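The structure displayed is predicted, hence computed values, not measured ones.
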Amino acid sequence: MSINLVLKGIFSALFLASVLRISTALILPALGGLITDLSGSINISLEGTMLVSAFTGVIVSGFSHNVWLGVLAGIAAGVLFSALLAYFHLYLGTNIILAGTALNILASGGTVFLLFMLTGDKGSSSTLASGVVPTVNIPIIKDIPFLGTVLSGHNIFVYGAFVLAFLINQLLYHTKFGVHLRAVGEDPVAATSVGINVRKTKFVTILVSGFLASLGGLNLSMAYLSSFQRDMTAGRGFIALAAVYLGGRKPWGTVLAAILFGIADALSNQLGTLNIPSQLVQMIPYAITIIALVVYGIRNQQKLIEQTKRFQERELARSKSEQQD
Amino acid sequence: SKSGEAATAEETTSGETTSEEVAETKPLKVIHLVNGVLGDKSFFDSAERGVKKASEEFGFEYKTIEMGTDPAGWESGLADAAANEEYDIMIMGTWQMVGYLEAIAGKYPDKYFMIYDTAVTPDNCSNACSNVYSITYKQNEGSYVAGVYAGLMTKTGIVGVVGAQDIPVINDFIVGYTQGVKSVNPDYQVLLNYAGGWNDPAKGKEQALAMYQQGADYVFQVAGATGDGIFQAAQETGNYAIGVDSDQATIIKDTNPELAAVIATSMMKNVDNSLYRALKLHLEGTLPYGTSEALGIAEGGVGLAKNDIYDSLTPQDVKDKISQAEADVTAGTITVDTAF
Amino acid sequence: MAPLVEMHNIVKIYSNGVVANNGVDFQLEKGEIHAIVGENGAGKTTLMKILYGSEQPTSGEILINGEPVVFKSPVDAMKKGVGMVHQNFMQIPSFTAAENVVLGHEPAKGVRLDKKKAIEVTKELSEQYGLFVEPTAITETINVGMRQRIEILKILYLGVEILIFDEPTAVLTPQETKDLFKAVRVLIEKGKTIVFITHKLREVKEISDRVTVMRNGKIMGTMKTADATKEGLARMMVGREVFLDIHKPAMKRGEKVMSVQDLSYVSETGRTMLRDLSFNLYAGEILGVAGVEGNGQTELVEVLTGLRVPASGRAVVDEIEVTGKTPREVRQAGVAHIPEDRLSNGLSLASSIDDNLIVDRFDKPPFKKGLVIDQKVVENNGKKLIKEFSILTPNGELPVSSLSGGNMQKVVVAREFSSDPKILIAAQPTRGIDVGATEFIRDQLVKKRTDGAAVLLVSADLSEVMSLSDRIITMFEGEITGVFPNASKVGEEELGYYMLGVKRQTAEEMEAML
Amino acid sequence: MKKFFSNPTIREGLRIILAIGAALLLGFIITLFVSEDPIGAYKAFLTGPFTKFNRFGDWIEESITLILVGLSVAIAFKANMFSMGTQGQLVMGALVSGVVALYVPLPAVLRIPLALLCAMLAGFLWGLIPGYLKAQLNANEIVSTLMLNTIAIKIYDYFLVFHIKPEDAGYNVSEKFSVEGQLPSFIPNIPIFNKAYTLFTENTNITIMLYIVILAVIVAYYLVFKTPFGYKLRMIGSNMKFARYGGIDTKKTIILVFAISGVFGALAGAHLTMGIQHCIITNISISMAFEGIIVAILARNNPLYIPITALAYGYLRAGANIMERSSDMSREMISVIQALIILFVTAERILPTVQRVIEEKKEQTSNKENGTLSEGGSNEH
Ligand SMILES: Nc1ncnc2c1ncn2[C@@H]1O[C@H](COP(=O)(O)OP(=O)(O)OP(=O)(O)O)[C@@H](O)[C@H]1O
Ligand SMILES: Nc1ncnc2c1ncn2[C@@H]1O[C@H](COP(=O)(O)OP(=O)(O)OP(=O)(O)O)[C@@H](O)[C@H]1O
Ligand SMILES: [Mg+2]
Ligand SMILES: [Mg+2]
């Protein structure tokens, strides 16, 4: 097809807007993955939590005709669902990866089962008119030509994701709870020794992570789309987890990694219309992530080499000046 | 699935069931093997609908088994069903079941098999597949007409199509569609993208948005549940989409009229009708087992959904041209390319 | 009046069946400094962990001010005013010093942390008790002395009355030890009570009021320090005569086995940790490295053993350049290494003692037989070394984590000594080791050297360096400041000047002696 | 009573029985609510794999895959490498073994071993990538392996669609392998075994992979626990710094760990194409790779326990499939029950919790078992 159309597509405000949308679907669960990881647990069930919330939000808003009730119910369901993870892992000693995997299976099967019970449909909720959260037009920015298209008119989750990234950053580095959370993740024995309740801290962290993942799920079914679809998370929970590590386990790093993935994905959507084998196009986001890892790794190595070089130059200069003396 | 019991409950009008060979000893029992899961709102759901309708009207019991998306369980799912004394007819679909069916048909000469959307090769069966009835659909024909429609309706000269995966069945849609568009104006552009999966509406939506952004105003979805996102993209951007397999607008019209309104038409692949008809013929004793039938526009196997939305959106001259295109295809004056 | 703390008939049996405390009665008077000494594995740490609530006794009771108490966790103990300074620091590596001090009880303004306040509090406490720390320094980058002080500030911040120090001086330099003792006296002045576990009898004499000796999970006796002698304590601990002095035959210096030239090292953070170091090491000698901790000794050892890559310069062993090589290649050149940080470098805590004893030889015969490792040989190797080095354990299949701190160190020492090295680089080899074992390890070091190996000894214990070494170099800020070819002829004070960079020999002066 | 509980073997046995019992009971209660014939449905679930020959075959075939992916995961996890890469390895193994089985014109005795070897090599090479990234660039293995999985699947599809699929084929599938490219039955086709041979070949796909898997388990066990490489792997897994200090070539070992993990993953792929499907087919059972994580963790990453956990888990899966086929229980409900069983069976403190309740009732003393110890954290991590 025409490369011109693609280029036009890529160099446009709408492209950046789409990057924001795609990234949001990753940022929210990734923040959840981040805090659990920092607290020394690993939340494999982000995927399942998103699914449960996406489902609950749609069903409740669909039947109650109240969007916000749906959102609240979705959040509650997600938090409760992750409480299961926390309870099994922290109190009953289930390996957290196994518990997370089991919960993913539970979420995938359970949502479809309930969907069928409630709507008589196994695949999607599209026969149910469910709620959609409002979009926001930012007063002044919306009228600025390019910027307005990029930044304004998104659903509240898009803005919420960035606000939450900021808040999570604050939570982690500027509140008691955040400090305890990181302490528990780094050295639980040391944390215990000063009276921090490791188990409780981890428990709450997993709940907060469930909250974030639930927003990710609601974003999918009540904002990004307006219906629930079986397994509609399509692996985003895992990509989100990858973003945590790609982002160096830092809030803004994680956000950046999610955005990188969003750019790559949006790019592949645009390039897909070119006459390139679709398999190769679909590889793009994954390949770019690998490249990012490599670049990051090499840069770290380079830093060390440069330091050595700088030292040698410094020494050289010193010995020269000494000789002149 | 409990639909079987529901059917038996209403079993009152079954007086006319006449198939001598089957119905005398025990009531007919049918099994529908879905090598995937239900709920796609198009392909498997349509098949399920056809079997269910037949069961309700003709009063036989049936059971549906979702064998899941992992192919490793399919062969044994079929073997299990065939070995089960209870079932007389086994219905399944898609090319992925062909090999298993060919291997097993000869082992159960007393049982009947129907396979839709693909055909067995008699040489591969030990009994020349004499107990297998195959149904294929000329989705390329239907898609051609959908392409003509998109070509006639587009204002920008750019239209799109989103496929689930790069596989021949999907490409058959795409080839026909593209030919249809180009038949209206060879300079029109058809944007093509594959979503890479059947269950990712968010991805579908982004791809459709990308197409609308690149200037398309009609996008044809051939991507199962992923297509949901394409409709939503159309709705959001004020463009149109074309549905697939079932009359997708009608399905959601009552509950979600705004969304239904952007589905200008659907390229229906009438799996339901074809299975309904096959079961009917079976009961009448006239189903041609051992053969395969290719259902195109002429046979009512494929075609555009001409519902209220279509009616209100489509100018009369376009409607006329669509009818003309259908007639041309039926008459064979136009040969539609195929991906097979 | 009842003693401040009474522990009655304490029995502690660990889940693996080890009886660590076997009917212990222990009393602590208010305002005293009470030393506890005993062999490695005698049960000192266990007893104090029970008092601190981090271990629960199998039976027995604890009274504080005459009232029975049950500590289910350290939190309970802290509420009753008991705090413990662990030897393995209980600190979060990525946090700042101040953050670690206030950890668990951070000052806050509303929900937001008050980081300024944390820094202030740290500074105040630090001044009040003379325990200097840099509040904003990141904990993992600072030296052990300061980390130790953080640990003390941490419990002081919580306002405890009873402070338990578990071998606080093991990692400290003489100067730091002095500072610590000063602080301890300040603490006593302010009415605190102190328990002090140590293996250094000199310190017992210097600082404590009373001393308790433990052996085999039991208390052998408690006495006024004034009434005790070092020899007497040692005998009581070990159950035999211990020679506190080192018997060292005359040196027979052999060939040059290692030469280090212009070695420099830059840390990841860009700091120059070693600058143009040059020296030689000869067979049959012990070369001691004296220096205040944090002046590049750790880096020197790690560069020489292949754990770090130098920025410039080289080290040559037998014509083979070892700098920039992997630890494996360095070991192959005949270098053995007792690392300073045994828990993170020297041992795999979760693995068996047997497995820990073969990390440098598992792929050589007789351990490797054909394609596999011969388990029988591994087991026998373990048995032999456990016996030879008196490692206190029921068998070699247990994980190292079940050993007492001192016995862990013995595992490292056993492995490195038994590898028959040409060069032995020993960093803090007797840190945390009881007197009996210290005697043993020192004897072994001397024996290795007398048998013709070259030993590079790095120790924070100045008296150890002075008594063991044949030759001494002093390090200050990553540079060699002095060489003393005859170790027995230098005074402690003289060395101190060089260690602090007050005095410095010129390159020419040093050249001949290096 | 206390003595009885404190024997570790009895304790563990009791725990598992209790956990399985609780899980099954819960599953049954759910079934009661959902099914018209709960007893029949549950019976199908519990005894399913033994009710028909092909069902038995299903169980064994799936267990073979599970063992191989389990080994792949266990080897990486044992080295404390949190690799999710088994999926990609499996896909690569399937592709490469399939290509050899399809195109190399050799007799079966040569073609099959060659295909298996090539698959193993492919898995090895594919494993080198995340291994190299980890060892040389310290790239997080979770990220790299997850990404490489998708890349592998796309590569697989690309070759299948553009190079392997016959021009005129109606679907994305290669030609069926000729007999020389199919794994033969595990029962030799000789007169005395005639009956068994027919029985098994007609109803199952249990192939010589059965023997290869047994061999694989033994090799993996020896590799991990008996060889110098295994020693290195375990030391890296328990303390990387120590391993390096002790002279272990940590980088090489890490790379090899990933690569060897890949060998087993790739064998699973070969099993699927050459043993089960007999063709290269899209959407090969890729989700199995993640089941490998469950199998491996249940076996505590010990290769010797993996056949046990794989057979048990495979039984659960096979039984679930059969319940869905032969009862009115829906697929989704069954996966819910499956999830609950995993949760309960892996809940290691269920027994202590129950036991504590019992003991607290018995003796009201304050002398209680644990409480603060071991928070359990994610030690894989
Ligand atoms: N967590 C544990 N699990 C099992 N056994 C342990 C544990 N901690 C200590 N032990 C054992 O209990 C005994 C006493 O150990 P403890 O640490 O109290 O000795 P210690 O007197 O402090 O010795 P050291 O001077 O070496 O520190 C030792 O035999 C030790 O191996
Ligand atoms: N990570 C661990 N896991 C299990 N047990 C441990 C661990 N670290 C230490 N221990 C046990 O706890 C006991 C106390 O450890 P600690 O390091 O406080 O001993 P210590 O007496 O201060 O050591 P040292 O005598 O070497 O100075 C040791 O006997 C050891 O057996
Ligand atoms: Mg101790
Ligand atoms: Mg000690």
Side-chain angles (χ1 to χ4, degrees), chain A residues 37-40 166-201 204 208 248-250 299-320 322-323 325, chain C residues 49 52-54 73-79 83-86 88-96 99-115 118 139-140 151 154-155 157-158 262 264-276 308-313 324:
Chain A
D37 187 72
L38 288 177
S39 78
F166 172 79
L167 289 180
I168 290 292
N169 192 56
Q170 292 290 313
L171 175 85
L172 284 174
Y173 299 101
H174 298 284
T175 69
K176 249 183 157 160
F177 179 73
V179 168
H180 292 187
L181 180 163
R182 287 183 296 127
V184 163
E186 256 185 73
D187 189 343
V189 180
T192 313
S193 77
V194 292
I196 296 172
N197 188 330
V198 172
R199 198 181 275 179
K200 216 195 249 166
T201 308
V204 175
V208 177
R249 304 171 78 223
K250 290 273 179 345
R299 221 193 50 193
N300 274 355
Q301 274 188 344
Q302 220 72 40
K303 246 196 235 158
L304 273 182
I305 295 171
E306 265 167 36
Q307 240 161 38
T308 312
K309 242 195 226 144
R310 266 206 304 277
F311 168 81
Q312 279 162 350
E313 278 161 15
R314 212 159 60 204
E315 292 300 294
L316 208 68
R318 207 179 62 159
S319 62
K320 263 189 196 151
E322 269 170 14
Q323 273 167 10
D325 286 350
Chain C
K49 279 186 175 168
Y52 177 60
S54 70
S73 73
V75 185
D76 295 349
M78 273 185 273
K79 279 186 195 143
M84 180 156 169
V85 176
H86 296 268
N88 298 335
F89 301 129
M90 297 289 183
Q91 288 161 9
I92 310 299
S94 74
F95 285 19
T96 63
E99 280 171 339
N100 266 309
V101 168
V102 299
L103 185 64
H105 307 268
E106 298 83 355
K109 276 187 200 152
V111 288
R112 228 182 129 78
L113 285 180
D114 192 345
K115 294 193 175 178
T139 308
E140 62 193 333
E151 204 65 23
K154 218 168 85 179
I155 57 173
Y157 174 71
L158 295 177
D262 299 323
S264 299
Y265 173 76
V266 188
S267 75
E268 279 106 55
T269 50
R271 255 180 74 194
T272 305
M273 303 302 293
L274 297 177
R275 177 165 306 178
D276 294 337
R308 297 178 193 241
V309 182
S312 67

Open item on the list: Do Val194(A) and Met90(C) have side chains that approach each other closer than 4.5 Å (heavy atoms only, starting at C-beta)?
Closed with: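 Sidechains of Met90(C) and Val194(A): no contact.
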Task: chain A contact via Lys79(C) - side chain, backbone, both or neither, heavy atoms under 4.5 Å - done: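 Neither part.
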- [ ] Identify, with sequence neighbours excluded, every residue that meets side-chain contact (heavy atoms from CB on, under 4.5 Å) alongside Gln91(C).
- [x]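 Counting only residues at least two positions away or on another chain, Gln91(C) forms a side-chain contact (heavy atoms from CB on, under 4.5 Å) with Phe89(C), Asn100(C), Thr139(C), Arg147(C), Ile150(C), Glu151(C).
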TODO: Could you tell me the separation between the CZ atom of Arg182(A) and the CZ atom of Phe95(C), rounded to the nearest 0.5 Å?
DONE: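 Rounded to the nearest 0.5 Å, the CZ-CZ separation comes out at 4.0 Å.
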Open item on the list: As an exercise, state the distance from NE2 of His105(C) to CD1 of Ile196(A), rounded to the nearest 0.5 Å.
Closed with: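 Reported value, rounded in 0.5 Å steps: 7.5 Å.
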Open item on the list: Just so I understand: if I count every heavy-atom pair under 4.5 Å between each of Ser312(C), Ser264(C), Gly104(C) and chain A, which residue has the most?
Closed with: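 Winner by heavy-atom pair count: Gly104(C).
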Task: Residue among Ala108(C), Pro93(C), Gly83(C) with most heavy-atom pairs under 4.5 Å to chain A - done: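 Sorted descending by pairs with chain A, the first entry is Pro93(C).
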Open item on the list: Please evaluate residues Ser193(A) and Met84(C) with respect to the criterion side-chain contact (heavy atoms from CB on, under 4.5 Å), reporting the C-alpha separation (whole Å), side-chain torsions for both, the decisive distance (0.1 Å), and the verdict.
Closed with: CA-CA 9 Å; Ser193(A) 77; Met84(C) 180 156 169; over 6 Å; no
Open item on the list: With a strict 4.5 Å heavy-atom criterion, list every residue of residues 172-179 of chain A that contacts chain C, or say none.
Closed with: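 Heavy-atom contacts from residues 172-179 of chain A to chain C are Tyr173(A), His174(A), Thr175(A), Lys176(A), Val179(A).
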TODO: Count the heavy-atom pairs under 4.5 Å between each of Ala190(A), Ala191(A), Gly195(A) and chain C, then report the option with the highest count.
DONE: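 Ranked by heavy-atom pairs under 4.5 Å with chain C, first place is Ala190(A).
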TODO: Write down the atom of Ala183(A), the atom of Ile92(C), and the distance for their closest heavy-atom approach.
DONE: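 Closest approach of Ala183(A) to Ile92(C): O-CD1, 3.5 Å.
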